[in-house]
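When a ligand or atom number is given, it counts from 1 through the structure's own listing order.
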Amino acid sequence: MELIVHTRQERNELDDLYGLFFEDINHAADGGLYAELVQNRSFEFCSVDNADYHGLTAWEKIEDSGEIALTVRRGDAVSSQNPHYLELNVTEPGEVGIQNLGFNSGIPLRKGAAYYLTFYARTHDASATGITASLRKGDGKVYQEATFRLTDVWEKYETVFTAMEDDWAGRLAMTVEGIGRVDLDFVSLFPADTYKGRKNGLRRDLAEALEAMHPKFLRFPGGCLTHDGSLRAEDRNAMYRWKNSIGQVEHRPARKNNWGYNQTLGLGFYEYFLLCEDIGAKPLPVLPAGYDPHHHWGAEGILLQEFIQDALDLIEFANGTPDTVWGRKRAEMGHPAPFHMEYLGIGNEEVGEGFFTRYPRFYQAIKEVYPEIKVVGTSGPFSAGPEYERGWRSAREDGAELVDEHYYQSPAWFIANQHRYDSFPAENPKVFLGEYAAKGNTWFDALAEASYMVGLERNAHAVKLACYAPLFCNKDYANWQPDMIWFDNHQLMRTPNYYVQQMFMVNQGDVSLVQELHGAGAAVKLYPFPDSLSGELMLSSEGSQVEFSDIVITDSDTGKRQTFPKPILCQGSEMCRITQVPLTNYTISLKATLLAGQNCGRVWFAHRDDGDGFFWMLGTWGNGSSLLIERSLGTDAALSYRERYMEQGKTYRLEIRVTGRKVQTFVNGETEAEVEAISPMAEQVYAVSSRDRHSGDTILKLVNVLPKRQVITVTLDGMTSAEGTACVLGGYDREARNTLGQPEKIVPGEERVSFDTGTFQWELAPESVCVLRLREKKRHSR
Ligand code: AHR
């Protein structure tokens with residue numbers, strides 16, 4: 001096999017291809033990247049955020065001796081935006097007060113490190129003289145303490161503690177001196193050692209892990225987090241409104257995070273922009289379009305105008321001079337220079353006309369004032385189907401420089417879809433692959449992603465931006481898996497997926513190069529998948545009650561019919577097995593009626609003993625969606641998606657037509673999906689090459705998904721020798737993964753390489769990723 005890289009022939013600009021996506025999911029911000037150590041610092045937690053929350057969540061009463069009553073009050077707090085505070089009423093003096101439990105196992109303390117404590121307090125009784133703040137061990141042993149005398153008005157108090165030993169389960173205690181009533185609000189503890197030493201800063205290890213990737217852009221503040229919620233900015237469960245997230249932290253209203261917890265907004269838009277600047281990534285904020293696709297409500301009139309104005313003001317906040325209204329706010333926060341924002345996303349994977357009627361108003365308003373801003377539209381949460389097509393149509397007709405595609409699929413899907421973007425046009429709108437992952441953190445998942453990334457880079461004419469999702473997961477608060485970086489309160493673990501992303505990002509290059517691959521041989525089946533889609537037909541409900549009837553299976557080759565006239569009631573989690581369908585070309589027709597519940601069940605077909613096969617989900621996701629799924633090697637991939645509501649009591653005629661590996665579905669005679677089954681034909685090698693204009697380096701990315709070694713003859717056309725580095729990741733079991741206990745089981749190795757000619761042999765280890773970074777050898781004169 002020979003790979004010829006024409007090192008002087010440029011192909012496509014790679015621009016900002018590889019970046020990151022941050023969402024406050026899995027406690028990625030509070031209890032994660034945001035370095036605040038106190039959980040529920042302003043006593044704002046409530047059952048809107050999470051049914052189990054209350055004003056004293058993460059706080060514990062201390063009543064070792066004496067007597068104290070704790071009451072969370074609303075009203076005259078430090079900030080009207082965060083209206084709660086804690087009243088501590090001591091009726092019998094002693095060791096009384098509260099302590100904060102932090103996140104995970106507690107407040108992490110590192111021996112010798114400094115911690116900034118700030119809090120607000122006041123007293124109502126001259127006899128309640130003060131508050132003693134202390135860092136403690138879980139068993140109550142005090143490491144260090146400081147006592148503060150209080151007045152009868154809210155005042156801010158602060159001190160610096162130094163940790164005396166490593167303790168990942170520390171406590172911050174606030175005990176009351178004397179007798180009577182003391183009020184407490186906004187109790188905050190930060191390590192002094194934040195990323196770049198910033199106040200209100202970020203956890204250093206986590207931020208440095210991002211910096212080490214050299215991302216070209218950062219998408220924030222989230223996916224569903226941005227558009228899920230009510231329309232009024234002042235509501236606790238509002239959609240993400242960026243203006244709430246800037247200014248003094250005490251006045252940023254704590255809100256319900258749609259992933260089931262509380263979000264302080266301490267990590268807000270200003271901090272996101274700073275982070276981008278610090279890690280060298282271009283900011284790519286995403287704003288809601290005033291439409292919530294989950295609840296199907298949308299802003300009208302003046303309220304919609306408010307959302308549009310938010311978008312315009314954000315551009316001014318990021319890029320305006322300090323003499324503009326929003327530019328001044330940025331300057332007042334400490335950053336007079338602009339943040340040079342180029343991209344702005346409107347909407348996150350929205351579907352439904354409610355979005356598409358509003359989106360053009362945003363696009364036009366932005367372009368009128370800021371024609372240079374690249375606006376990102378959206379094609380929904382899946383890779384194909386009517387909603388995906390609708391998103392692209394809107395982008396073409398209503399305007400968008402990029403379309404944000406999202407998909408979480410099986411490794412098999414990623415390998416089978418290597419050529420997805422080959423036929424995409426080079427004209428705008430371009431692809432922004434804003435969320436993708438192979439649904440796992442094993443070595444095989446990462447390998448499949450690597451092969452797919454070669455396809456993205458090869459198609460840089462059409463694919464302009466791509467980022468893995470989600471980025472972070474606090475191991476004790478996982479809402480969504482897989483994730484790229486896992487952590488607890490004091491350590492982190494980079495997944496194999498992280499290392500693959502890092503290898504591609506650090507070695508992106510500025511422009512792709514013309515290359516030729518010869519003698520690679522035919523693609524091979526990644527695993528022995530069958531040529532035809534025969535298998536079992538089964539029916540089920542997802543906890544609802546569905547009646548299936550009039551089942552007919554017709555052999556398309558012979559016309560022979562098999563009928564099941566008796567109605568079948570599916571309920572609970574029971575699987576109703578109908579029959580084996582040992583055919584290649586066939587049609588299954590049946591009727592479905594939702595009798596009770598929120599979805600119209602599933603039709604399983606071509607189902608094999610190993611559990612792989614297809615299922616059609618009807619009226620799923622709160623009876624809003626219809627999804628055709630293929631399961632390969634035990635992992636699901638959505639092949640088609642459309643919005644569909646299944647009315648209770650109404651009977652629908654369903655049809656599945658299988659022709660070889662082609663599947664069509666119909667509802668009441670109307671086509672719903674038309675797809676090919678996943679055929680993961682693995683190519684012998686996946687290769688892409690690029691050039692770093694600054695260093696002049698030629699970069700080769702090579703991925704071998706096959707369990708055999710491959711030898712490639714590499715010719716660097718235009719070079720007479722080469723030296724540089726080879727970064728290699730591979731040689732693991734497919735199921736291998738890193739863990740917090742063993743974070744470096746899978747980690748790339750780097751070696752120096754040197755070749756005396758422009759042609760050399762390179763060996764790729766089985767199931768491995770390799771990046772060669774090469775330049776002409778330096779000639780030493782004697
Ligand atoms: O990345 C997790 C979620 O997946 C995002 O919030 C959403 O955009 C997508 O559905």
Enquirer: What I want to find out is whether Asp398 reaches Arg393 closely enough, with some N-O distance under 4.0 Å, to be called a salt bridge.
Expert: no
Enquirer: Based purely on interatomic distance, does Trp480 place a nitrogen or oxygen under 3.5 Å from a nitrogen or oxygen of ligand 1?
Expert: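 N/O-N/O distance under 3.5 Å: no.
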Enquirer: With a distance cut-off below 6.0 Å to the six-membered ring centre and an angular limit of 45° from the axis, does Arg358 pair with Tyr291 as a cation-pi contact?
Expert: no
Enquirer: So which heavy atom in the protein is nearest atom 10 (O) of ligand 1, and how far is it from that ligand atom?
Expert: Glu349 OE2, 2.7 Å
Enquirer: Quick one: look up the protein heavy atom nearest atom 3 (C) of ligand 1 and list residue, atom name and how far away it is.
Expert: Glu435 OE1, 3.7 Å
Enquirer: Let me confirm one number: the OG1-NZ distance from Thr739 to Lys745, rounded to the nearest 0.5 Å.
Expert: 7.5 Å
Enquirer: Does even one non-hydrogen atom of Pro470 get within less than 4.0 Å of ligand 1?
Expert: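 Distance cut 4.0 Å: Pro470 passes for ligand 1.
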Enquirer: Could you see which bit of Trp259 sits under 4.0 Å from ligand 1, with heavy atoms only: side chain, backbone, both or neither?
Expert: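 Just the side chain.
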Enquirer: Counting from 1, what ligand 1 atoms have a heavy atom of Tyr408 closer than 4.0 Å?
Expert: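 Going through ligand 1 atom by atom, the ones under 4.0 Å from Tyr408 are 1 (O), 2 (C), 4 (O).
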Enquirer: Report the part of Cys224 in contact with ligand 1, treating N, CA, C, O as backbone and CB onward as side chain, heavy atoms under 4.0 Å; options are side chain, backbone, both, neither.
Expert: both
Enquirer: Is there a donor-acceptor contact under 3.5 Å linking the side chains of Glu449 and Asn497?
Expert: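 Distance-only check passes for Glu449 and Asn497.
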Enquirer: So is there a nitrogen or oxygen of Asn348 less than 3.5 Å from a nitrogen or oxygen in ligand 1?
Expert: yes
Enquirer: Give a yes or no on whether a salt bridge exists between Lys243 and Glu234, defined as a side-chain N under 4.0 angstrom from a carboxylate O.
Expert: no
Enquirer: Could you identify the single nearest non-hydrogen protein atom to atom 6 (O) of ligand 1 and state the distance to 0.1 Å?
Expert: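 Looking at atom 6 (O) of ligand 1, the protein heavy atom closest to it is Glu23 OE1, 2.6 Å.
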Enquirer: If the test is side-chain contact (heavy atoms from CB on, under 4.5 Å), which one of Asp636, Leu618, Thr620 qualifies with Leu627?
Expert: Thr620
Enquirer: Is the shortest side-chain heavy-atom distance between Tyr498 and Gln502 below 4.5 Å?
Expert: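 Side-chain contact under 4.5 Å: yes.
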